[in-house]
Amino acid sequence: MKSTDFAKLLAGYLSRYLPGQRNMSPNTIISYRDTFKLFLIFSRDMKGVPPEHLALAHLDEIFINDFLVWIENERKCGISTRNQRLAAIHAFSRYVQVEAPEMLLRCQRILAIPFKKNGRAALDHLTPDALKLLLEQPDRTTSDGRRDLVLMTVLYDTGARVQELIDLVVRDIRLDTPPIIALTGKRKKTRHVPLMSKTAKMLSDYLTERHL
């Protein structure tokens, strides 16, 4: 049986483009793969188009919107999961519009499908009193307590992710004026974040205490 254009592009996207050119993590690739696994099930069961016959010509904004409705209503998925599946389809559409320019208009219409707002209230910021109480919890008379206080202070001051803090090494910290810390996040992207003087002093004391 001759492969469809959709099959060829999807295979190349998952097996070569994401891991090779985009250097995506295995977990991200699995998430994208699972999206298209559901997509193939939807195409077969709800649209009467089996996977071996699914072609790019079948895909348009109506097809995708019907898939998203099916995700929510039939699969009982929440808005965040619905948006995650749409994000995977958007990413594939960006790939398709370059690999198959004749699909450019159709892909752009798919890319115009909006994400749903989940309606969750924004998280409140810590009040000064709450922050003060939180930072008073570590026992400053012990080495571990002073370490914990430094970790909590740096997290709050920089907005770093926990993994970014775990990956931090001494050379990422500059204590000369103006003090700056280099944080390396997802996809190895580095950002430089200024430090408050009190945070820089705490870091300096910590590095001295630990002979770093």
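No hydrogens, no waters, no symmetry mates; every other heavy atom, side chains included, goes into these values. This is a predicted model, so every value here is computed, not measured.
Checking Thr141 against Arg146 by side-chain atom types alone, no donor-acceptor pair falls below 3.5 Å. Residues Thr190 and Thr184 bring a donor and an acceptor atom of their side chains to less than 3.5 Å of each other. A donor-acceptor pair shorter than 3.5 Å cannot be found between the side chains of Thr4 and Glu52. Side chains of Ser25 and Thr28: a donor-acceptor N/O pair is present below 3.5 angstrom, by distance only.
Crowding of Arg174 atom CZ: a count of heavy atoms from other residues, nucleotides or ligands under 6.0 Å exceeding 12. A 6.0 Å sphere centred on CG of Leu212 holds more than 12 heavy atoms belonging to other residues, nucleotides or ligands.
Looking at every heavy atom in both residues, Phe63 comes nearest to Leu54 through CZ-CD1, 4.3 Å. In terms of heavy-atom proximity, Ser143 sits nearest to Arg210 at OG-NH2, 2.8 Å. Closest approach of Leu111 to Arg94, counting heavy atoms only: CD2-CG, 3.8 Å. Of all heavy-atom pairs between Gly145 and Pro138, the closest is O-CB, 3.3 Å. Among all heavy-atom pairs drawn from Leu38 and Ile71, the shortest one is CD1-CD1, 3.9 Å.
With Leu203 as the partner, the side chain to side chain contact (heavy atoms under 4.5 Å, CB included) test is satisfied by one option alone out of Val170, Thr153, Leu195: Leu195. A side chain to side chain contact (heavy atoms under 4.5 Å, CB included) with Lys47 holds for exactly one of Trp70, Phe67, Phe42; it is Phe42.
A salt bridge links Arg191 to Glu164: one of the charged nitrogens lies within less than 4.0 Å of a carboxylate oxygen. Using a cutoff of 4.0 Å between basic side-chain nitrogens and carboxylate oxygens, Asp5 and Lys8 are not scored as salt-bridged. In summary, Glu61 and Arg106 do not engage in a salt bridge, as defined by a charged side-chain N under 4.0 Å from a carboxylate O.
In this structure, the side chains of Pro19 and Met24 stay at 4.5 Å or more apart for every pair of heavy atoms. Contact of the Asp172 side chain with the Leu183 side chain is not registered, since no non-hydrogen atoms from C-beta on lie closer than 4.5 Å. Counting heavy atoms from C-beta on, the side chains of Arg44 and Val49 never come closer than 4.5 Å. Residues Tyr32 and Phe92 are not in side-chain contact: their nearest non-hydrogen atoms beyond the backbone lie 4.5 Å or more apart. Side-chain contact between Leu165 and Leu168: present, with at least one pair of heavy atoms (C-beta onward) separated by less than 4.5 Å.
A donor-acceptor pair under 3.5 Å is absent between the side-chain atoms of Ser43 and the main chain of Phe39, judged by distance alone. Asn65 contributes no side-chain N or O that, together with a main-chain N or O of Ile62, makes up a donor-acceptor pair within less than 3.5 Å.
The CG atom of Leu68 sits 5.5 Å away from the CD1 atom of Ile89 when rounded to the nearest 0.5 Å.
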> Checking ring-ring contact (aromatic ring centres under 6.0 Å, His included) for the pair Phe6/His58: CA distance, chi angles, key distance, verdict?
Replying inline: CA-CA 9 Å; Phe6 175 80; His58 290 106; 9.1 Å; no
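Cluster membership for Ile41 and Leu10, using ILVMFWY side-chain heavy atoms within less than 4.5 angstrom, is shared. In the hydrophobic clustering of ILVMFWY residues, with side-chain heavy atoms under 4.5 Å counting as a link, Met196 and Ile173 come out apart.
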